[in-house]
Amino acid sequence: MNFWLELTVSALLMIGGIFVLVGSIGLFRLKDAYTRLHAPTKATTVGLGGILLSSVIYMSHLQGYINVHALLITLFLVITAPVTAHILAKVAMHHKVKTMQSTQNEGLVDTAREQKSVNDEASSRNKGK
């Protein structure tokens, strides 16, 4: 195998592994649910993207053609991770999960919770008609 190809695959694996490690440590160490969402959605997505990209490069060299499966996994991961984090943050906000004391713009969270309760009341009134 070509030296530069081996170096590229090794570098992508190392970078991906470091990002996954940092994301896992961040998930464990961060203080509240909202900040914990950043670790797996950002760092781990980039880390797994690097690992999958190295797999695509290595397997395409061995097989002689590009492996589409790993590219589709990477695309699916990039699309679904932010959407899942957004949904989890909304659920935590509406279930009134506590934030850290140093959280800025706490009033925005309260405003969003009030808007949801007003929207729920309006939808329940419309159902009764």
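Along the sequence shown, residues are numbered consecutively beginning with 1. Nothing here was measured: the structure is a model prediction, and the numbers come from that model.
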From [X] atom [atom1] to [Y] atom [atom2], the distance as rounded to the nearest 0.5 Å:
X     : Y     : atom1 : atom2 : result
Ile57 : Leu13 : CD1   : CG    : 9.5 Å
Glu6  : His61 : CD    : NE2   : 8.5 Å
Met59 : Gln63 : CE    : CD    : 4.0 Å
Ser24 : Phe19 : OG    : CZ    : 13.0 Å
Ile51 : Ile73 : CD1   : CD1   : 12.0 Å

Do Leu62 and Val9 belong to the same hydrophobic cluster, where Ile, Leu, Val, Met, Phe, Trp and Tyr are linked whenever their side-chain heavy atoms lie under 4.5 Å apart, directly or via other members?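 Linked within one cluster.
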
Treating Ile, Leu, Val, Met, Phe, Trp and Tyr as nodes and any side-chain heavy-atom pair under 4.5 angstrom as an edge, say whether Leu52 and Leu12 lie in one connected cluster.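 Result: no, two separate clusters.
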
If every non-hydrogen atom of [X] is compared with every non-hydrogen atom of [Y], which pair is closest and at what distance?
X     : Y     : value
Ile66 : Ser60 : CA-CB, 3.9 Å
Val20 : Thr44 : CG2-O, 4.3 Å
Arg36 : Lys31 : NH2-O, 3.6 Å
Leu77 : Gly49 : CD2-N, 4.5 Å
Ala70 : Val56 : CB-CG2, 3.3 Å

Does some side-chain heavy atom of Leu88 sit less than 4.5 Å from a side-chain heavy atom of Leu37?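 Side chain of Leu37 against side chain of Leu88, heavy atoms only: contact under 4.5 Å found.
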
Is there a side-chain contact between Leu53 and Thr74 (heavy atoms, below 4.5 Å)?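 Result no, sub-4.5 Å side-chain heavy-atom pair not found.
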
